[in-house]
K.L.:
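If you scroll down you'll find the structure; I have some questions about it.
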Number of protein chains: 2
Amino acid sequence: MVTIAEVARRAGVSPSTVSYVLSGKRAISTETRERVRRSIHELGYHPNAGARALAGNRSHVIALMMPLRTDMYLPVMMEIALAVATTARTHGYDVLLLTGEEGAAAVRRIADSASADALILMDVELDDERLPLLDEIAPPAVLIGQPADPAGLTCVDLDFAAAGARCVAHLAELGHREIALIGEAPAVYARHTGFAERTLQGARAAARELGVRMLHRPTEGSYDAMAAQITRIFDERPGTTGLVVQNEAVVEPLLSLLRQQGRAVPEDISVVAICPEQVAAQASVRLTSVALPAQEMGRRAVERVVDRLEGREHRPLDLLAPHLTDRASSGPAPV
Amino acid sequence: MVTIAEVARRAGVSPSTVSYVLSGKRAISTETRERVRRSIHELGYHPNAGARALAGNRSHVIALMMPLRTDMYLPVMMEIALAVATTARTHGYDVLLLTGEEGAAAVRRIADSASADALILMDVELDDERLPLLDEIAPPAVLIGQPADPAGLTCVDLDFAAAGARCVAHLAELGHREIALIGEAPAVYARHTGFAERTLQGARAAARELGVRMLHRPTEGSYDAMAAQITRIFDERPGTTGLVVQNEAVVEPLLSLLRQQGRAVPEDISVVAICPEQVAAQASVRLTSVALPAQEMGRRAVERVVDRLEGREHRPLDLLAPHLTDRASSGPAPV
DNA sequence: AGGGAGGGTCGAAGCGCTTCGACTTCTGTT
DNA sequence: AACAGAAGTCGAAGCGCTTCGACCCTCCCT
């Protein structure tokens, strides 16, 4: 194992000088710096992580905590996780992956053992059990998603209210006057999940303002549930010409059902989705959609973390503006 | 911050005794042990990770390296990652998440800095650039998936050859005589991806043995590609009554297309998939399938790692037997 | 009764790094 | 010409833990 002492010896300097070259915390002459750099490179030196953490009191690790419920959105979570990991690396951090299984205990453990310099909590629930702990621990935390009371917390999230409004506005602009919002499963609303409720509020407000009638229909994520739902919607509001979908699992079933019923997209009915770009682009009809910017959220979360670790100022709430991409699933309302 | 010294003082023993209670490496009287345990609990003590790693020469961390190409299988990867993380915790390890982006350099860095006690490489490619490095580094590695030459490496994988054979055998038993294997995208075969080729080989061998004609059709993961493919298959082999699908992305498009064409599943045509249980169970027709046991693979990979870290013996190749679940998409061949 | 063998505990020596204070040059002033 | 201050480097003191060797008991054997 190569140590800092060996690097120092080969460069003809003391270990502390090597350390200062590495950290840049003291001025080092160009000549010495280059000699040390060469020595590091030639020996393939990488500082021992444990020793560095112990002496420097910083682990250079960011802990990424998965949501308590991992029953859905696996692809989105994965995208966020990968973005967090790659962004973290560009700032010199590694990422520790924690599952929701340990719950709040994991927060304690990581903080007490100084295993990480900061925490990123994914998909925070409205009354997340881990939140109260966040005040008591030393490492700063950044949330992806918004809890009921975000006061004093740093959050990164898509502006779901604006996203809902944007979808409705898009349909309204195309002349649609009766639309339906096909949402997440009823259970998701029942537990007042932040993003689902905010989307709904934003959509409702926009509908009201733009003079559009809107039905809200939470839908279970299965083909059969979608089939039952679509029937109900057209029974209740035969004039419906626009659909907003916020439920990845029923996107393809929905399109399939519309085809079966002989309703052409977008000629007879327009569909706008709130989902990852990939889902929208690969669906059987290329979907007009507001993107769920998973990577961007991961990246920003890391940036907020690094801001705080380096004592920089930053706003506590980082809300991403929704971006709607017009694809093949939406068009003018039929006359 | 609570240190081992404080725990020791409160328990009226020396720090080394506390350490021995924690590690169990020396005999401690029941009485002392209990006193120390109580002290630990009351103070909420968690050993400093850096200090422990430095002194003990083990980080209690397992590095999980993502595949070089992360363009597909995000949900499966996520499932594996979560299983790895939770299993690791039951053995006292945390998981460091590394993206493929850094490539082989990450292997070096983690090994040299002693950031992890072992590596798990996901979705290894046939000629993975990281493999040669594995011999040169200290921490043991376990692969999920099989490279071209698995000699000297520890691998965990589903027995894809057996999985392919099992699907064919299932259809043969139901009386099907002409079947097609709808596979991954052509590019996947072009780069000789292990799991795809093995599945094909197993399926072919079984077909030959059981007197079944089998067509192999690599298919791009889009609705349009699937539509074109299904037309070709029935043009070429109108007598086809069974399909094996190994391509998550086209499962739902396929079912939708069959419906549109008025082909009933399973009355007119049987479908068997190789995919995660969730996909099979939530499809618009509940699919007979061989499960892709993502969690099991993650779990086993960690167990192989722990075996090696604790010097236990274990076989280098851990091939999971495929398990076929009979659901609603397969039935007797039509007469 | 004496000695060997464990069992149980402690003190101290590091593990490899960062950082503080101190020391030695080298500037640029007056 | 003398000196303040900056620039550049070093030595040594830890960071909190594990582990080795040493020590002291108690017990059992001969």
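Values below: every heavy atom of this structure, side chains too, minus hydrogens, waters and symmetry copies. In what follows, chains are A, B, ... by sequence order, proteins preceding strands, each numbered from 1.
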K.L.:
Quick check: any donor-acceptor pair below 3.5 Å linking the side-chain of A/Tyr20 to the base of C/dC20?
P.N.:
yes
K.L.:
Does C/dT9 have OP1 or OP2 sitting under 4.0 Å from an N or O in the side chain of B/Ser14?
P.N.:
no
K.L.:
Between B/Val142 and B/Cys155, is there a side-chain heavy-atom distance shorter than 4.5 Å?
P.N.:
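With C-beta onward as the side chain, the pair stays apart.
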K.L.:
Once you apply a heavy-atom cut-off of 4.0 Å, does A/Ser23 come out as touching a base, just sugar-phosphate, or nothing?
P.N.:
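Contact class for A/Ser23: none.
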K.L.:
Roughly how many Å is it from CZ in A/Arg9 to C1' in C/dG16, rounded to a whole number?
P.N.:
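After rounding, the gap between these two atoms is 14 Å.
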K.L.:
Whole-Å distance between C/dG16 P and A/Arg58 CZ?
P.N.:
21 Å
K.L.:
Among C/dC17, D/dT18, C/dC10, find the nucleotide with the atom closest to the side chain of B/Ala55.
P.N.:
D/dT18
K.L.:
When you measure from the side chain of B/Ile4, which nucleotide among D/dA7, D/dT18, C/dC17 comes out closest?
P.N.:
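Closest nucleotide to the B/Ile4 side chain: D/dT18.
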K.L.:
Give the rounded distance in Å between these two atoms: CE of B/Met1 and C1' of D/dC17.
P.N.:
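That distance rounds to 11 Å.
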K.L.:
Taking NZ, NE, NH1 and NH2 as the nitrogens, is one of them in A/Glu42 or A/Arg38 under 4.0 Å from a carboxylate oxygen of the other?
P.N.:
no
K.L.:
Should the side chain of B/Tyr45 and the base of D/dC17 be counted as holding a donor-acceptor pair, with the cut-off at 3.5 Å?
P.N.:
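In this structure, the two groups form no donor-acceptor pair.
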K.L.:
Output the single nucleotide from C/dC17, D/dG8, C/dT19 whose closest atom is nearest the side chain of A/Ser16.
P.N.:
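Closest nucleotide to the A/Ser16 side chain: C/dT19.
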K.L.:
Whole angstrom is fine here: how far is it from CZ in B/Arg33 over to P in C/dC10?
P.N.:
15 Å
K.L.:
Round to the nearest Å and state the distance from B/Glu31 atom CD to C/dT9 atom C1'.
P.N.:
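Taking atom C1' of C/dT9 as the reference, CD of B/Glu31 is at 13 Å.
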K.L.:
Between B/Asp307 and B/Arg300, is the closest basic N to carboxylate O distance under 4.0 Å?
P.N.:
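B/Asp307 and B/Arg300: not salt-bridged.
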K.L.:
Is it true that, when you exclude A/Glu310 itself, more than 12 heavy atoms of the residues, nucleotides or ligands shown sit nearer than 6.0 Å to its CD?
P.N.:
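Above 12, so yes.
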K.L.:
Taking only side-chain N and O atoms of A/Lys25, does any of them lie within less than 4.0 angstrom of OP1 or OP2 on C/dT19?
P.N.:
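For C/dT19, OP1/OP2 do have a side-chain N/O of A/Lys25 under 4.0 Å.
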K.L.:
Between the side chains of B/Arg109 and B/Asp112, is the shortest nitrogen-to-carboxylate-oxygen separation below 4.0 Å, so that they form an ion pair?
P.N.:
no
K.L.:
Name the residue closer to the 5' end of DNA chain D, choosing between B/Pro47 and A/Gly12 according to the nucleotide with the nearest heavy atom.
P.N.:
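That would be A/Gly12.
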K.L.:
Checking contacts here: which listed nucleotide (D/dT19, D/dC17, D/dG11) is nearest the side-chain heavy atoms of B/Asn48?
P.N.:
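Ranking D/dT19, D/dC17, D/dG11 by closest atom to the B/Asn48 side chain puts D/dC17 first.
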K.L.:
If you only use heavy atoms from C-beta on, which nucleotide in C/dC15, C/dT18, D/dT9 is closest to the side chain of A/Ile28?
P.N.:
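Selected nucleotide: D/dT9.
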K.L.:
When the distance from CZ of A/Arg52 to P of C/dC17 is rounded to whole Å, what number comes out?
P.N.:
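Those two atoms, CZ and P, are 10 Å apart.
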K.L.:
Salt-bridge test for A/Arg89 and B/Glu102: reply yes if a basic N is under 4.0 Å from a carboxylate O, no otherwise.
P.N.:
yes
K.L.:
Under 4.0 Å, counting only non-hydrogen atoms across every strand here, what does B/Ser29 touch: a base, just sugar-phosphate, or nothing?
P.N.:
sugar-phosphate
K.L.:
Over how many whole Å does the gap from B/Ile40 atom CD1 to D/dC17 atom P extend?
P.N.:
10 Å
K.L.:
Tell me which nucleotide among C/dT18, D/dT19, C/dC10 gets nearest to the side chain of A/Ser19.
P.N.:
C/dT18
K.L.:
Can you tell me how far P of D/dG16 sits from CG of A/Asn57, to the nearest Å?
P.N.:
8 Å
K.L.:
DNA chain D: B/Arg26 or B/His46, which has the more 5' nearest nucleotide?
P.N.:
B/His46
